[in-house]
Each structure stands twice: as C-alpha cells, then as structure tokens.
Amino acid sequence: MAHVVALYRHPIKGLTPERRDSLTVQPDGRITGDRVLAFRFADAAEPEDRDGFDYWPKAKGLALQDFPALAALRTSYDDETRRIRIEHAGSVLVEATLDDGGRRELTDAVTDFVLATPEGRRLRRPGRLPLALVGDGETSRFQDRPRGYVSIHGRASVRALGEALGTNVDDRRFRSNVVIDDASPWSELEWTGQVRVGDVAFQAAGPIVRCLATHANPETGVRDAKVLTTLTSAFAQQEPTLGRLLLPGWAPSDDGRPQGGGLIRVGDEIHTHRA
C-alpha cells in the first residue's frame, strides 16, 4: 500500500523546506505555515488579481528557478514567536522577528547574500531592488497558482529519474509537501478523482510541470542535474513532469465558507483512483 514517507512545509517561498511528522491541511486546502512569506522585487510587492485571488507570480521575487544559490541557505521559522533564523555554511546569516526592524534585517542579509552569488546580476536589474519581505507569517498565500494546492510526488518516480541521470536524487529538489513510497514509478500521474491521504480527501488536479528550480542541489545550491531534459528525453514526456497537485476534496459549507481539511501524518495510507 502506498503511504506517506515524508512531509514538508516551506515557510519562505524559495527557501529551505522544513521536514515535519505531520501537517495541517486548512479548510481552504493549503498547508498551515507553507509559503507564508516571500521576498518580492520592489516593483512586485503588491499582488495581482487572478481568478478572484491575490496572486504573486514566482518570477516576480526570489525563487530557485532564477536564484539557485538560495538552496544552500538553511531556514527555520517559529510560528509562535514569529522568528526566522537563516544559516549559511554552518554560520548564522541573520536571525530576527517579523516586526519592521526585523524585516529590514532579514531583507538586508538575504539581499547581500544573493548579490554575492553568481546570480547576483539578476537582482541588479531595474525594478528589483530593494527587496520586500511580504506576508504576515500566518496566511499561506505564495504558492505558484492562485488557488494554492498541496503538492505530492512518488519516491519511485524520483528513483527512476535518478537512474536515468546516473545519480541519487534528493526529494527536496521537487519542493513537494507530501512524498509517498510503495507506489510504482509515475503512478501519481494517472490519478483521477478523489485522492485520500489518511483521513483527508482531496481532488486530483493537474500534474506538476517542472522548472529550473529542480536543477539546484538542495545542499549546495549548485545546478548539477539536468532534470528537465532528462524527463523529456528518457521518459518521452512532452513537458518535464513529476508529481501531482491536490485541491480540496470537500464542498463549501452553506454559508459559503470551505469546510474540510485535517491532519496528515507520516505513515498515512494513500487511496486513489486511476484513469
């Protein structure tokens, strides 16, 4: 039986995942504490409106697809104290709370770090500086799509990719919330209808088409694996795809508010339908 082997949340868009034994799925279908903050470019600190949702395109801020060195940072976030600690190469780069002064400290430290990387020239383009650390630290809102989602992939698919690449591939490259095992390679791409993770029911949405973020080694921040071209050449995919998006599997309540969600845990069984 396929089951959950790892769970992750990403408090700051584009920065380190935090591994968890359990995750709370909110009534809106997003993960509590996931993508609650982001470093946005100066000309993109305000959201767009997309399908009635506030939306910040990932290309308008720090993200691994353009700034792979971010993967070398180690980030932790304390929800209760609203304190962020960012380390690099075993040393503390910055530690601060989410008040105005702390946001300035965090933004200055991350700006200096990125400017010193090979991708620093990208940050110097017009309209990008100064960065702004946006988000309240509570609301999950910086997913890549306006509706948000829970992302999931199978470890067997990653192993198959690793065999084609001739190297071990770390699950963290794909920045999923949920990693499963004991499923056949690529089987998650065949899911339709309801997908149940433990006691929480979702609806299978689209497969995840990958970007250059997956080329960045999650330990070093160096692009060291040609994931995209390997997915399309070795597995004859039209687009480089690995993993699946999950949207809420419950209907809105009578007062228009979504209802559902719950707790998902490492060890939970996965129940699916296939096309």
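Because the structure is predicted, anything quoted here is derived from the model rather than measured.
Among residue pairs with one or both ends in residues 143-162, those qualifying as ring-ring contact (aromatic ring centres under 6.0 Å, His included) are His153-Phe174; sequence neighbours excluded.
We find that Arg172 and Glu219 are joined by a salt bridge, their nearest charged nitrogen and carboxylate oxygen being less than 4.0 Å apart. One finds a salt bridge joining Arg20 and Glu18 here, because a Lys/Arg side-chain nitrogen approaches an Asp/Glu carboxylate oxygen to under 4.0 Å. The existence of a salt bridge linking Glu95 and Arg85 is confirmed by a sub-4.0 Å separation between a basic side-chain nitrogen and an acidic carboxylate oxygen.
Other members of a hydrophobic cluster containing Val209 are absent, since no ILVMFWY side chain comes under 4.5 Å of it, directly or through relayed contacts.
Atom CD1 of residue Ile84 and atom OG of residue Ser76 lie 9.0 Å apart, to the nearest 0.5 angstrom. For the atom pair NE2 (His3) and CG (Asp182), the distance works out to 5.0 Å, reported to the nearest 0.5 Å. A distance of 6.0 Å separates CD of Glu188 from CD1 of Ile180, quoted to the nearest 0.5 Å. In this structure, the separation between CZ on Phe235 and CG on Leu242 is 9.0 Å, given to the nearest 0.5 Å.
Side-chain atoms of Leu228 and Arg210, non-hydrogen and from C-beta on, do get closer than 4.5 Å to each other.
In this structure a side-chain-to-backbone donor-acceptor pair under 3.5 Å is present from Arg103 to Leu133.
Qualifying side-chain contact (heavy atoms from CB on, under 4.5 Å) partners for Leu62, counting only residues two or more places apart in sequence or in other chains: Phe39, Phe41, Phe67, Leu70, Val110, Val114, Leu123, Leu131.
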